[in-house]
Amino acid sequence: MRNRLGEIGEDIAAKFLMKRGFSVIAKNYRKKWGEIDVIVQRDGKIHFVEVKTVSCENIDLISRETDNYRPEENVHPKKLQRLGRTIQSYLLERCPEDQ
């Protein structure tokens with residue numbers, strides 16, 4: 001169920017970005033040390049998107065606990081480190097001529 005909820009959130013995020021002129025390059029780029037949820041491009045720049053999805057069933061609980069749920073607060077330093085390493089891997093694999 002959790003994986004399916006994440007997929008739904010990623011699909012919604014990708015559609016949101018496409019409506020704003022981004023092209024989706026990849027979704028769920030995985031390495032053993034991390035994952036990038038959505039990779040998009042616009043105006044010659046690549047953007048790496050971390051998607052945090054909350055179900056309606058959990059939103060009341062989260063709202064009571066935090067008053068103002070902010071998804072970026074769920075991206076901890078360890079996650080940022082893994083994300084950075086995964087982005088480096090993607091860039092080295094996909095864009096070696098830029099290195």
> Hey, mind stepping through Lys31 and Glu93 against side-chain contact (heavy atoms from CB on, under 4.5 Å) and telling me if it holds?
Replying inline: CA-CA 12 Å; Lys31 290 293 181 188; Glu93 284 178 13; 2.4 Å; yes
>> side-chain contact (heavy atoms from CB on, under 4.5 Å), that's the test. Do Val38 and His47 meet it? Break it down for me.
In response: CA-CA 8 Å; Val38 183; His47 302 264; over 6 Å; no
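Linking Ile, Leu, Val, Met, Phe, Trp and Tyr whenever their side-chain heavy atoms come within less than 4.5 Å puts Ile36 and Leu91 in one cluster. Ile25 and Ile87 end up in the same hydrophobic cluster when Ile, Leu, Val, Met, Phe, Trp and Tyr side chains are linked at under 4.5 Å. One hydrophobic cluster, built from ILVMFWY side chains closer than 4.5 Å, cannot hold both Val40 and Ile46; they sit in different ones.
The neighbour count for Lys79 NZ, taken as heavy atoms of other residues, nucleotides or ligands under 6.0 Å away, is above 12.
Side chains of Glu10 and Asn28 form a contact here, defined as non-hydrogen atoms less than 4.5 Å apart. Under the 4.5 Å side-chain criterion, counting only non-hydrogen atoms from C-beta, Val49 is not in contact with Ile39. Taking the side chain as every heavy atom from C-beta outward, Asp11 and Lys27 approach each other to under 4.5 Å.
Here the straight-line distance linking atom CD of Glu35 with atom CG of Leu83 works out to 10.0 Å at 0.5 Å rounding. Between the OG atom in Ser89 and the NZ atom in Lys32 there is a gap of 10.5 Å [rounded to 0.5 Å]. We find the CZ-CZ distance between Arg42 and Phe22 to be 3.5 Å, quoted to the nearest 0.5 Å. Taking CD1 from Ile12 and CG from Leu17, the interatomic distance works out to 12.0 Å, rounded to the nearest 0.5 Å.
Between Phe48 and Tyr29, the gap from one ring centroid to the other reaches at least 6.0 Å.
Annotation: cation-pi geometry not satisfied between Arg82 and Trp33 (NZ/CZ under 6.0 angstrom from ring centroid, within 45° of ring axis).
Using a cutoff of 4.0 Å between basic side-chain nitrogens and carboxylate oxygens, Asp37 and Lys52 are not scored as salt-bridged.
Between Thr86 and Gly34, the shortest heavy-atom distance links the atoms OG1-CA, 3.3 Å.
Checking side-chain atoms of Arg20 against main-chain N and O of Phe16 turns up a donor-acceptor pair under 3.5 Å.
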